[in-house]
Every structure is written in structure tokens, then in C-alpha cells.
Amino acid sequence: MTGPTETTSAPAYGHSSRRERTGWYIYDWANSAFSTTVVTAFLGPYLTNIAKAADDVTGTDTVGQISLIGLNFRADSLWAFTTALSVILQVLVLPVAGAIADRTPRKKQLLAAFAYTGAAATCALVFLTGDRWELGAVLFIIANVSFGASVVVYNSFLPQISTEEERDAVSSRGWAFGYLGGGTLLLLNVIAVLVGGDDMLAETARYSIVSAGLWWAGFTTITMARLQNRPALAGQAQGSVLTDGFKQFFRTLKSLRAYPKTLAFLIAFLIFNDGIQTVIAMAGTYGQEELGFENDILMPTILVVQFVAFGGALALGRLARRYGAWKTVLGSLVAWVFILIAAFFLPYANAPLFVAVGAGIGFVLGGSQALSRSLFSQLIPKGREGEYFGLYEISDKGTSWLGPIVFAVTNEITGSNRLAIISLVIFFVVGFVLLIRVPMAEAIRAAGNTPPEKL
């Protein structure tokens with residue numbers, strides 16, 4: 001798939017027009033609909049209900065067993081199993097997608113291919129009816145892997161469209177656009193659910209899922225019209241781009257030994273980001289099981305998180321301009337610790353305080369993620385953004401199982417969701433200690449880049 005024909009020469013590396021940057025921001029607006037409407041809100045419960053109602057469900061319990069690729073498991077475990085399988089495939093695909101992105105002068109078209117494939121698979125979920133749970137599982141895996149690959153290519157544009165001094169602000173605006181876009185579509189779909197009522201709940205959920213695919217594809221088209229390709233700095237592929245991408249991935253892993261400070265940052269990010277992802281994933285469970293809330297409170301709280309995260313990303317971006325991104329991320333990790341302490345002491349069924357904690361999560365969420373991305377972009381050797389962001393996305397998505405295990409084991413041993421949620425503090429404390437030990441200015445210079453004035 002190709003975008004519009006470009007009649008002007010590509011801008012210099014690190015420079016871009018306001019129009020191109022806006023196009024880059026809009027892709028975050030486009031793909032975040034998939035994260036919020038499909039992954040967070042609607043597909044999990046909808047696919048689970050399809051699996052439970054399937055003709056081939058067997059068993060004497062109320063849930064029953066289903067079979068997929070030779071494995072038998074409970075129907076209500078299908079969503080977790082499918083998500084895990086998609087993450088495993090992402091671990092295999094994402095670094096290779098990044099290596100290919102660095103070695104092709106048609107990076108924009110590669111982004112389009114991943115984005116439109118994911119959007120098409122999402123739209124095809126309109127056929128997820130009756131007992132077609134296998135179709136739903138396959139389409140989600142295709143969509144989720146395509147989503148992750150597109151984000152790798154998208155992130156690799158960041159150093160190409162912004163200078164070192166501009167990068168924190170540009171990254172923060174991208175995250176802000178994403179939260180606003182994802183929250184806007186989710187709000188429209190929640191309204192549709194309320195208007196449709198319980199009788200139309202399944203149909204409304206299905207078309208809400210499809211709306212995310214249409215949103216993703218539609219706004220991606222704007223991005224394609226505005227982004228510009230730049231010459232590949234990592235060298236042209238020798239032979240097949242795909243084959244060379246696999247070879248380059250293994251060369252990237254070996255090359256990390258030459259950039260130990262970049263590796264140290266990646267490890268710190270892996271730890272504290274695992275805590276962030278676990279808080280997001282388990283907040284609903286905590287609200288339901290420990291605090292007694294139903295969807296009438298949980299769904300509006302998700303919306304609050306989305307819209308506050310928009311402002312939070314911009315606010316922390318401004319703090320980064322004043323104090324430096326590294327210091328701002330460290331401050332956000334301290335804030336995460338206080339948020340978890342507040343969550344631990346939340347009284348039962350106190351909706352205003354629960355929403356307030358959700359707002360706190362939203363405020364630090366966008367900024368900590370956006371600034372981590374911009375910091376990492378400065379630790380990458382020029383021309384190798386795609387392959388390194390492939391590793392970054394693995395740290396972001398492919399290893400987010402440590403936190404859930406800590407949460408689950410703590411809950412299993414203690415029988416308390418409160419102790420389980422407070423146990424996640426360890427990820428932010430360890431992440432803080434590891435991050436503060438990374439000499440950022442030295443790390444940036446070691447990668448061949450110029451440190452910004454403030455870190």
C-alpha cells in the first residue's frame with residue numbers, strides 16, 4: 001500500500017514541517033482507538049461470551065471447555081490465552097519489523113501496510129457472530145501483532161522529525177493525541193451502549209469494535225498524506241528486505257554490548273513500565289473485587305483516565321522543558337508510588353475517591369510513557385531507530401507478565417487484592433533506582449547524539 005506521490009524532496013534528518021508533525025500525531029489518535037475500544041473495553045467480554053455459547057463447548061461445569069491448536073481450556077480463558085499468544089508473536093515480529101523499517105527508504109508505506117492490515121482485521125470482526133470464536137481469536141491476533149509492528153515503525157519516525165531539544169515536546173503531543181483520540185471514540189461507544197440498552201448490548205459491542213477499525217484506517221490515511229519518507233541510513237538491504245531484517249535483528253542484539261548505558265535504560269524501563277501496565281490492567285479487577293464497583297463506575301473511570309492522560313502528557317511535557325525529561329520521569333515514578341498507596345487505603349464503595357485515584361493515574365500515565373519514549377530515542381545510534389524501537393516495544397509489551405504474576409501470587413497467598421495492588425510498588429522503586437543510576441548525558445553521547453540542554 002502506498003501513500004500519495006511525493007513531489008518534494010525529503011526534509012533533513014531531525015527536521016520536519018508542522019504539517020508533517022501533525023500527521024505523525026494523528027497516527028497516535030488513529031491507533032489508540034484499537035487499544036481502548038477493542039482491547040480494554042469490548043472484545044474481551046464479547047469474545048468470551050461467543051466462546052461460552054459455542055456448540056463445541058464441552059464439560060459439566062457452567063463454563064465448559066474449548067479446544068484450540070490442540071489445547072483444551074476453559075471458555076472464559078480464551079481472551080487471556082489469545083492475548084498471550086499475540087504477545088508471543090509480537091516478541092518475534094516487532095524487532096524484525098523495526099530492522100526492516102531502518103533498511104527501506106519506503107518506511108511510510110511499511111507503516112501503512114501494518115496499520116491497514118490491523119484495521120482490516122479489526123473491521124472483519126463484524127463477522128464474529130454465532131459460534132465463530134476461532135475466527136475472532138485469529139483476527140484479534142492479526143490485528144494486535146499488526147498494531148504492535150505499526151507502533152514500532154511509527155516510533156522510529158520520532159528522531160527523524162524532531163531535534164534533540166524538541167523531542168520531549170513532540171513525543172508528549174503524540175501521546176496526548178492518542179489518549180484524546182482513544183477516549184473520544186470510547187466515549188461515543190459507551191453512549192451507544194447506554195442508548196441501545198441491554199437488549200442491544202451484543203450488537204452494540206460488535207459494531208463498537210468495528211468502529212475502532214474504521215477509525216484506525218480513516219485517520220491513518222491522513223497520516224499517510226502528511227508523513228514523508230527519508231533515505232535509509234542503516235544501509236540498503238542485501239537481497240530480501242525480510243531476510244536482511246531477521247539478520248539485522250540478531251546484529252542489533254549483539255550491538256547492545258557496545259551501548260551498555262542504552263541497555264541499562266531499557267532494563268529500567270522494562271521494570272517500571274511493567275508496573276505501569278499492571279496497574280492499568282488490574283485497576284478494573286481491583287475496583288470490582290475489592291471496592292465493589294460495577295460497570296456504571298468502572299467505565300466512566302476508564303474515560304476519566306483517558307481524558308486526564310491527555311492533559312497529563314502535555315503537562316509533564318512542559319515540566320520536561322523546564323527541568324529535563326529524565327528528572328520528570330523520575331518524579332513520575334515517585335508519584336506512581338503515592339498513587340498505589342492511595343489505592344491501598346481507598347475505602348469500600350467510595351466512588352468519588354476511586355475516580356480521583358483514576359485521575360491521578362491518568363495524569364502521570366501519559367507523561368511517564370511519552371517522556372520515556374523521547375529519552376530512549378536519544379539513546380539510539382542514528383539510522384537504527386526502527387530496530388532499537390523494536391526492542392523497546394518488546395520491553396513495553398512482550399515482557400508485561402512479571403507484574404501480573406506478582407499481583408496474582410500476592411493475592412493467592414494473602415487473599416487480599418489490597419496487598420496485591422500495593423505489592424506493585426516494588427516495580428516503581430526498583431525502576432527508579434535503576435533509572436537514576438543511568439548517566440543519561442554520557443549514554444546519549446555514547447550513542448553518537450548530542451544531549452539536550454536539560455535532562
Kindly determine whether Phe307 and Phe310 satisfy ring-ring contact (aromatic ring centres under 6.0 Å, His included), including the steps that lead there. CA-CA 5 Å; Phe307 288 112; Phe310 165 74; 8.3 Å; no

Quick one: pull up [atom1] in [X] and [atom2] in [Y] and give me the separation to the nearest 0.5 Å.
| X | Y | atom1 | atom2 | value |
| --- | --- | --- | --- | --- |
| Ile142 | Leu89 | CD1 | CG | 10.5 Å |
| Lys327 | Arg322 | NZ | CZ | 13.0 Å |
| Thr36 | Leu185 | OG1 | CG | 6.5 Å |
| Gln378 | Met440 | CD | CE | 7.0 Å |
| Asp274 | Ile426 | CG | CD1 | 12.5 Å |
| Ile209 | Asn189 | CD1 | CG | 9.5 Å |

Under 3.5 Å, is there a donor-acceptor pair between the Trp216 and Tyr27 side chains? yes

Got [X] and [Y] here, is their nearest side-chain heavy-atom distance under 4.5 Å?
| X | Y | answer |
| --- | --- | --- |
| Thr220 | Asn31 | no |
| Trp336 | Ile361 | yes |
| Leu340 | Phe428 | yes |
| Ser423 | Val409 | no |
| Lys52 | Thr48 | yes |
| Val210 | Thr122 | no |
| Thr223 | Phe157 | no |
| Ile302 | Met299 | yes |

Heavy atoms only: give me the nearest [X]-[Y] pair and the separation to one decimal.
| X | Y | answer |
| --- | --- | --- |
| Leu110 | Ala97 | CD2-O, 4.1 Å |
| Ala370 | Ser171 | O-OG, 2.7 Å |
| Tyr179 | Ser32 | N-OG, 4.5 Å |
| Pro159 | Ser377 | CG-CB, 4.0 Å |
| Ala325 | Leu371 | CB-CD2, 4.2 Å |
| Gly431 | Ile271 | N-CG2, 3.8 Å |

Knowing that exactly one of Trp175, Tyr154, Phe177 qualifies, which makes a ring-ring contact (aromatic ring centres under 6.0 Å, His included) with Trp24? Tyr154

Exactly one candidate in Trp29, Phe34, Tyr116 meets ring-ring contact (aromatic ring centres under 6.0 Å, His included) with Phe219; the answer is Trp29

Determine whether a donor-acceptor pair (N or O, by modelled atom type, separation under 3.5 Å) exists between the side chain of [X] and the backbone of [Y].
| X | Y | result |
| --- | --- | --- |
| Tyr388 | Thr262 | no |
| Arg206 | Thr129 | no |
| Arg132 | Phe127 | yes |
| Gln90 | Asn144 | yes |
| Thr328 | Leu316 | no |
| Ser146 | Ala143 | no |
| Ser172 | Ala169 | no |
| Tyr259 | Ala447 | no |
| Lys382 | Asn449 | no |
| Arg167 | Ser162 | yes |

Any idea how Phe265 and Phe376 line up, ring-wise: parallel (<30°), tilted (30 to 60°), or perpendicular (>60°)? parallel

In sequence, state the C-alpha distance, the side-chain angles, and the governing distance for Phe427 and Thr278, and then conclude on side chain to side chain contact (heavy atoms under 4.5 Å, CB included). CA-CA 10 Å; Phe427 289 92; Thr278 306; 5.8 Å; no

Looking at residues at least two apart in the chain, or sitting in another chain, which of them share a salt bridge (charged side-chain N to carboxylate O under 4.0 Å, His left out) with Arg418? Glu290

Got a salt bridge between Glu442 and Arg445, using NZ or NE/NH1/NH2 to carboxylate O under 4.0 Å? no

Hey, mind stepping through Leu419 and Phe344 against side chain to side chain contact (heavy atoms under 4.5 Å, CB included) and telling me if it holds? CA-CA 7 Å; Leu419 293 177; Phe344 175 79; 3.9 Å; yes

Using side chain to side chain contact (heavy atoms under 4.5 Å, CB included), reason through Val357 and Leu346 one step at a time and then give a plain yes or no. CA-CA 9 Å; Val357 170; Leu346 276 177; 3.9 Å; yes

Pair listing, ring pair (Phe, Tyr, Trp, His ring centres under 6.0 Å) test, anchored in residues 276-301, at least two apart: Phe293-Phe354

I would like to know whether Val170 and Arg21 meet side chain to side chain contact (heavy atoms under 4.5 Å, CB included); could you show each step before the answer? CA-CA 8 Å; Val170 171; Arg21 290 186 185 183; 3.7 Å; yes

